[in-house]
Every structure is written in structure tokens, then in C-alpha cells.
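All remarks here apply to the structure that follows.
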Amino acid sequence: MKVIIAEKPSVAREIAKVFGAVNKKDGYIEGKGYTFTWAFGHLLQLAAPQEYGYYGWNVQNLPMLPTKFKLSIRKVKTKDGMVDDPSVKKQLDIIKALFDEATEIIVATDAGREGELIFRYIYYYLKCKKPFKRLWISSQTDEAIKEGFRNLKPGSDYDTLFNSAHCRSQSDWLVGMNATQALSLSSGNRAVLSLGRVQTPTLAMICSRYLENKNFVPQTYYQVAIQPDKEGQAFRAISPENYKTREEAQAVLDKVEDVAGGFPAGGHILSVEAKPRKEPPPLLHDLSSLQQEANKRKGFTADQTLGLLQNLYESKLVTYPRTGSRYIGDDVFAGVPVLIEKFKDHPDFGKQATLLIDQKLNKRSVNAKKVTDHHAILPTGEMPNQLSKDHQAIYDMVSGRMLEAFHQECIKEITKIVVQSGDKFTASGTVIGSAGWRAVFNDPDEEKKDEENAALPKVQQGENLPVINKAILEKQTKPKPLYNEASLLKGLETAGKEIDDEELRYAMKDSGLGTPATRASIIETLIKRTYIIREKKNLVPTETGLNVYNVVKDQKIAQAELTGTWEKRLEEIRSGASINEFQEEIKAYTRNITQELLKVGIPKKVIAEPAGN
DNA sequence: GCAAGGTC
């Protein structure tokens with residue numbers, strides 16, 4: 001009997017379907033001489049410190065450097081503390097029984113570092129010795145699965161990938177556990193002050209933005225606006241310069257030849273320029289972009305959106321949610337017309353879906369090379385009934401985005417009019433010529449600046465118009481806004497893009513900080529520690545958060561670069577470099593940061609209070 | 001009591 005193990009039930013079901021296996025059992029599917037089983041993500045984790053004999057939180061234990069790491073069953077929190085997750089224990093027992101029967105194992109966990117780790121941890125924990133082969137596919141269509149099975153790889157081909165994954169895991173444990181205990185202990189052990197490779201740079205981003213925003217000194221500047229009128233249709237034109245003083249602006253204002261000043265037609269049209277601009281449709285959603293949109297449209301937190309999306313996925317209404325790709329391959333694209341057709345009677349999108357059926361679809365989101373372990377989020381074509389309001393909102397964002405992504409470009413006409421009245425003034429306006437993809441949601445165009453006119457009257461060069469109004473506008477420079485969940489998610493994705501070191505920047509280019517699957521929980525962790533709070537839509541540090549930031553802000557652990565350095569080394573390990581050197585460096589760093597943090601500490605008040613304004 | 005990673 002051959003046993004196929006997938007990372008999650010949905011993938012095991014897909015593969016079983018391709019084989020025509022239909023015999024559903026508790027925790028696996030059987031048929032055609034194969035057995036298809038699954039994990040639920042990581043079933044095993046590196047064991048907690050006490051399992052190596054480091055009892056309690058104690059300076060004498062630090063740094064904790066286990067000579068050999070142990071694995072333990074994933075835990076859940078109960079009223080009696082942390083216990084083995086019973087559903088995980090049960091599934092592990094099922095896997096063990098199947099592995100015991102197996103002649104060969106086929107590893108079908110996701111094609112990536114963590115997918116490899118998920119399987120290997122199970123395999124080694126169960127002390128399994130059976131031979132295994134690796135299925136390596138990046139698309140789960142029937143054809144891709146069949147092709148993958150014709151091309152199974154020797155399991156040992158991925159030993160170095162496992163090494164890099166295990167190093168990642170151990171390094172996070174060593175640095176995180178030790179730094180957390182060290183800072184908590186040196187601060188009086190009154191609260192858990194956690195630190196980690198991802199959470200601490202994230203906290204640092206929030207704090208430094210908060211301080212920058214709070215300490216920002218606004219500068220006042222002045223502009224002059226005039227209002228020419230074309231046969232009853234007035235529009236606004238602005239001085240192209242910003243003036244530092246009111247006097248400078250006043251001088252410009254005084255020269256304006258307005259009606260009140262005795263000029264019946266003192267606005268001379270110097271030029272009119274109209275340029276079309278094509279705006280391509282947005283890409284399909286990945287988890288992060290959907291979380292950002294749901295935060296902007298509905299105020300959902302990243303965690304809420306992930307939860308709602310997971311429910312939709314479990315109801316088979318949308319494809320796999322924790323994806324980091326905004327593209328689909330040609331195989332999935334082939335099914336898109338059928339998918340679009342399903343929305344032709346939709347109350348909001350029906351008209352656009354019907355329109356799209358007869359159109360050539362835009363292929364901007366189709367690129368197999370940019371599909372990583374999972375493709376972009378799509379509706380499955382399964383039609384929902386009776387969704388809750390929030391589920392419906394998320395479902396509509398997924399399906400609406402699909403219609404947008406395959407729609408035509410939006411064509412805008414951008415008009416610029418230069419008017420002379422004393423000095424020169426410019427008026428600009430944007431008119432949508434052909435809505436294209438923008439017809440799906442019909443949202444107001446967020447790019448538009450507040451000085452812009454929606455539509456400008458038709459005027460000709462050489463015309464002289466009455467200027468019916470003029471004014472000095474007093475404005476202030478604005479600081480960068482505080483982070484909210486949407487902008488923070490974006491910031492985490494792009495973290496590392498400004499690193500000076502080219503190699504580190506390259507190592508982080510596809511990852512940023514955290515992963516799509518973990519970013520929501522990183523934000524929740526910072527809130528749980530009372531490092532940050534939600535204030536309206538913003539994420540604002542507390543006193544505790546700022547204290548922690550002040551202690552660590554110049555340490556490596558607070559920099560996104562740390563992830564870059566690790567990623568670079570982990571990639572070298574994947575391509576065959578020795579793990580010993582990296583492990584020794586991590587241990588040295590762990591000793592170092594532990595010692596530093598034991599020295600400093602946060603003297604008083606660790607109970608959170610919202611930071612003052 | 002603690003990391004980051006994955007998922008029901």
C-alpha cells in the first residue's frame with residue numbers, strides 16, 4: 001500500500017479525486033490501491049524549554065541552548081493550561097497506523113520550506129523508516145497532479161530543504177525564547193515581554209512611525225486659488241507654487257484680474273491639454289491584499305478577514321486563502337470563463353459579468369511563473385446561499401475582484417488648463433472615458449487629489465473668461481500617517497526593500513516580514529502583549545510597547561535585516577552549505593542578545609497604558 | 001508565561 005500525505009485535507013481530497021479514490025474513512029481516503037491522508041499544517045513543534053529541563057523562568061537557565069531539539073505535539077490552551085491538541089493527537093495516530101502499513105510514502109505537503117518541515121517532523125517524530133518520494137507541484141489542477149505523479153522525486157532530493165527549514169525553526173526558538181525570558185526577567189518578571197525575529201521589527205515599525213508622527217512639526221504654506229467661469233460652469237485653478245509666507249501669496253493674489261477688481265474677462269486661457277491615460281485592472285487578490293481591502297472597506301482586522309475567508313474556504317466557496325500569489329496559471333485561467341458566467345445573475349455584478357462573457361479577457365493576472373505554492377484567491381464556482389453579512393462582504397470582494405482582474409483597462413482623460421490672471425494658474429481634471437474594470441464596484445477614484453476638479457468645462461486656448469473669485473489657501477505639511485492594519489500589512493510585505501546591502505535585500509525580496517499565514521497573528525500577538533492598541537483604525541503603541549522599543553531599537557532583533565541575513569544563509573543551506581556554521585552563529589547571537597537584555601531591563605511600570613498624545 | 005511557522 002502506498003500512502004500519500006498532504007499538508008491539509010483539501011489537497012488530499014483533490015489528489016484522491018484525480019486517482020478516483022472515493023472510500024472516505026476517518027482521517028484518510030482509500031481507493032485504487034492508495035491511501036490519502038493529511039496533516040493540519042504543523043502537527044509538531046519544537047518542545048518547550050521545560051522539556052529540556054529548563055524549569056521556570058530563571059536567569060540561571062539563560063541562555064537556553066538545547067544540544068538536541070525535541071518535538072512535541074501541537075498544544076491548545078485549556079483551563080488546565082497547555083495540553084496536546086486532541087484532534088492533532090488523533091490525526092497523528094491515524095498517520096502512524098497508515099505509515100506502519102505502508103510500503104512507500106509519497107510526500108504531498110506544499111512545495112516549499114515549511115511543507116517539507118511539516119512532513120519531516122511527522123516522519124521523525126513517528127520514527128518512521130519507510131522509503132518516501134516527493135510530489136512537487138505548484139498547481140493543483142488534475143493535469144498538474146497527474147504530471148507530478150509521473151515525475152515523483154527521490155525524497156532525499158529535499159534533505160537540504162529540510163535542513164534549511166529546521167534551521168529556521170530552531171533559530172526562531174533560540175532567539176525568541178531566550179530574548180523573551182531575558183527581557184522579562186531583567187524587567188522584574190511582572191509581565192511577559194516577548195521578542196522575536198518578526199514581532200519585534202513589526203513593533204519597531206509601529207513605534208518609530210508613531211514617534212515620527214507625534215514629533216512632526218507642521219509647516220504652514222500658502223497657495224492662491226482662482227475661480228474662472230465658463231458660461232455658468234466655474235472651476236478652480238491653483239497657483240503652481242507653494243508660498244512660504246502670506247505676503248508672497250498676497251502679492252500674487254493682488255495681481256489677479258478678477259471681476260470684483262474691474263476686469264470682466266481677466267482669465268486668459270494659455271493652453272488646454274487633454275491626455276488619455278490607461279489604467280490596467282488590479283491583480284487578483286492574495287491574502288494580504290484582501291486583508292488590506294477589507295480593512296479599508298469594512299474596517300475588518302487582518303485576523304477577522306482571515307477567519308471569514310477560512311470559513312468560506314471550508315464551505316468550498318473560495319480557493320485556498322493563505323496564498324502569497326496574485327496570479328493564476330494557464331490551467332486555472334482556462335476555467336475562468338465558466339466561473340464568470342456563474343455571476344451573470346448576481347444582483348450587483350451581474351451586468352459586468354454578462355458583459356465580460358463576450359469579451360476578450362485581460363490576462364494581466366495570468367502568469368504561471370508567479371504562482372508559488374498556491375495561486376491567487378478565486379471563487380470556486382460553488383454558489384453560496386445564506387451567507388452572514390460579513391461572509392458575504394468578503395465573498396463579494398473575492399468575486400468582484402475576479403471580474404475586475406479580467407476586465408478591460410479603465411481609460412481616463414486627464415485635462416490640464418493653464419490660465420493667466422496676473423500669474424499663471426493651473427486647473428486639472430480627470431474624466432473617465434471608458435470605465436472598464438472600474439464599472440464593477442464603481443468606487444470613487446481614491447487617487448484623485450482634493451484640488452482636482454471632477455470635470456472641467458470645454459474651454460479653448462485664447463479664450464478670456466471672467467474670474468469670479470480668488471482666495472489665499474492656508475495649508476500645512478502633513479506627517480506620514482500612523483499605521484493602520486492595511487498599511488502595516490503592506491509595510492510587512494515590503495519590509496526589507498530599502499535595505500542597503502544588495503544581497504540581503506535580494507534574500508528578502510519575495511518574503512518581507514512574516515508570511516501571509518502569520519501576519520494577522522503577529523498583529524494579534526502585539527495586542528495581546530499590550531505593546532500596541534487599536535485606536536479607531538490606527539495601531540498605536542502603548543507605554544509598554546514604547547519602553548520595549550526603546551530598549552531594543554538599536555539591536556539586530558528590531559531590524560528587518562535580521563530576516564534578510566537569515567534568509568540568505570538558509571538559501572545557502574538549501575543549496576548545500578553546511579548547517580553547522582550557521583547554527584554556531586545563531587548560538588553566539590543568542591548568547592549575546594541574552595546577555596545584553598539581562599543587563600538592561602525596563603525599570604518601572606510595565607502595565608499598559610495608551611501612550612499619551 | 002515565551003518564537004514563528006502551518007491549519008481545522
Side-chain angles (χ1 to χ4, degrees), chain A residues 6-12 27 38-52 54-58 61-64 69 71 74-77 81-82 85-88 90-91 109-110 112-122 164-185 187 189-202 287 306-307 309-311 313-315 320-324 373-374 492 511 513-522 524-526 528-529 557 562-563 566-567 570 586 590 593-594 597:
Chain A
E7 181 155 328
K8 42 190 168 270
S10 64
V11 174
W38 52 78
F40 306 115
H42 277 297
L43 303 183
L44 297 156
Q45 55 192 168
L46 297 181
Q50 65 267 23
E51 300 192 40
Y52 309 95
Y54 305 119
Y55 298 109
W57 288 40
N58 192 332
N61 288 336
L62 301 186
M64 304 174 286
F69 276 93
L71 295 172
R74 184 212 296 165
K75 302 292 184 281
V76 278
K77 212 171 199 157
M82 304 298 271
D85 183 328
S87 68
V88 168
K90 182 180 167 196
Q91 189 64 16
T109 48
D110 290 357
R113 198 165 73 195
E114 293 304 322
E116 191 63 29
L117 193 63
I118 286 170
F119 166 71
R120 298 283 183 129
Y121 275 180
I122 295 170
S164 83
H166 193 32
C167 275
R168 196 280 306 147
S169 180
Q170 292 172 336
S171 306
D172 276 324
W173 191 105
L174 287 169
V175 172
M177 295 291 188
N178 282 293
T180 297
Q181 287 200 14
L183 182 64
S184 304
L185 287 169
S187 302
N189 206 8
R190 285 159 294 188
V192 174
L193 297 177
S194 66
L195 298 172
R197 171 180 58 87
V198 177
Q199 63 171 265
T200 305
T202 306
L287 175 61
L306 176 55
L309 202 57
Q310 174 71 17
N311 298 148
Y313 167 66
E314 284 166 24
S315 313
Y320 178 75
R322 288 175 219 85
T323 174
D373 336 7
H374 305 278
L492 292 175
S511 56
L513 273 177
T515 71
T518 59
R519 285 183 191 128
S521 69
I522 295 288
E524 297 305 317
T525 297
L526 295 177
K528 197 165 130 199
R529 302 269 175 272
I557 198 170
L562 183 64
T563 293
W566 288 20
E567 286 300 337
L570 292 171
I586 292 294
T590 299
I593 180 106
T594 304
L597 291 168

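Lettering of chains follows the sequences in order, A, B, ..., and the numbering in each one begins at 1. Just so you know, these numbers come straight off a predicted model, no measurement behind them. Values below: every heavy atom of this structure, side chains too, minus hydrogens, waters and symmetry copies.
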Inset, instruction - Have a look at A:Arg113 and say if it touches a base, only the backbone sugar-phosphate, or nothing, with a 4.0 Å heavy-atom cut-off. - result: nothing

Inset, instruction - Measure from the side-chain heavy atoms of A:Ala517 and tell me the nearest of B:dA3, B:dT7, B:dG5. - result: B:dT7

Inset, instruction - Kindly point out which of B:dC2, B:dT7, B:dG5 is positioned nearest to the side chain of A:Thr518? - result: B:dG5

Inset, instruction - Give one of base, sugar-phosphate or nothing for A:Asp110, where a contact means two heavy atoms less than 4.0 Å apart. - result: sugar-phosphate

Legend entry - With sequence neighbours excluded, residues passing side chain to side chain donor-acceptor pair (under 3.5 Å) with A:Glu114: A:His42, A:Arg168

Inset, instruction - Kindly confirm whether the side-chain ring of A:Trp57 is stacked on the base of B:dG1, judged by centres under 5.5 Å and planes under 30°. - result: yes

Inset, instruction - Remember a base hit wins even if backbone is also touched, and classify A:Tyr313 as base, sugar-phosphate or nothing at under 4.0 Å, heavy atoms. - result: sugar-phosphate

Inset, instruction - Using a heavy-atom cut-off of under 4.0 Å over every strand shown, decide if A:Gln50 touches base, sugar-phosphate, or nothing. - result: base

Inset, instruction - Have a look at A:Val192 and say if it touches a base, only the backbone sugar-phosphate, or nothing, with a 4.0 Å heavy-atom cut-off. - result: base

Legend entry - Within-4.5 Å side-chain heavy-atom neighbours: A:Gln50 and A:Tyr55: yes

Legend entry - Distance, rounded to the nearest Å, where A:Leu117 contributes CG and B:dT7 contributes P: 13 Å

Legend entry - Residues A:Lys528 and A:Glu524 bridged, charged N to O under 4.0 Å: no

Inset, instruction - Counting heavy atoms from C-beta on, name the nucleotide in B:dT7, B:dA3, B:dG5 closest to the side chain of A:Gln199. - result: B:dA3

Inset, instruction - Just call it for A:Gly115: base, sugar-phosphate, or nothing, with non-hydrogen atoms closer than 4.0 Å on any strand. - result: nothing

Inset, instruction - Report the nucleotide, chosen from B:dC8, B:dG5, B:dG1, that has the shortest atom-to-atom distance to any side-chain atom of A:Met82. - result: B:dG1

Inset, instruction - Provide, to the nearest angstrom, the distance between the CG atom belonging to A:Leu562 and the P atom belonging to B:dA3. - result: 15 Å

Inset, instruction - Identify whether any heavy atom of A:Pro9 sits under 4.0 Å from a base atom; if not, whether one sits that close to sugar-phosphate; answer base, sugar-phosphate or nothing. - result: sugar-phosphate

Inset, instruction - Could you tell me the separation between the CZ atom of A:Arg197 and the C1' atom of B:dC2, rounded to a whole number of Å? - result: 16 Å

Legend entry - Residue list, side chain to side chain contact (heavy atoms under 4.5 Å, CB included) with A:Thr563, at least two apart or on another chain: A:Arg197, A:Met508, A:Leu513, A:Glu567

Legend entry - Validation row: A:Leu46, A:Leu71 side chains within 4.5 angstrom (heavy atoms): yes

Inset, instruction - Looking at every strand, decide which applies to A:Gln45 at a 4.0 Å heavy-atom threshold: base, sugar-phosphate, or nothing. - result: base

Inset, instruction - Establish whether the base of B:dC2 is bridged to the side chain of A:Gln181 by a donor-acceptor pair shorter than 3.5 Å. - result: yes

Inset, instruction - Compare side-chain N and O positions of A:Arg120 against OP1 and OP2 of B:dG5 and report whether any pair is under 4.0 Å apart. - result: no

Inset, instruction - Return the nearest nucleotide to the side chain of A:Val198; candidates are B:dT7, B:dG5, B:dA3. - result: B:dG5

Legend entry - Any donor-acceptor N/O pair under 3.5 Å between B:dG5 base and A:Asp172 side chain: no

Inset, instruction - Considering just the side-chain nitrogens and oxygens of A:Thr180, establish if one lies under 4.0 Å of OP1 or OP2 belonging to B:dA3. - result: no

Legend entry - Presence of A:Arg519 side-chain N/O under 4.0 Å of B:dA4 phosphate oxygens OP1/OP2: no

Legend entry - Heavy-atom side-chain proximity of A:Leu62 to A:Leu185 below 4.5 angstrom: yes

Inset, instruction - Counting heavy atoms from C-beta on, name the nucleotide in B:dT7, B:dG1, B:dC2 closest to the side chain of A:Asn189. - result: B:dG1

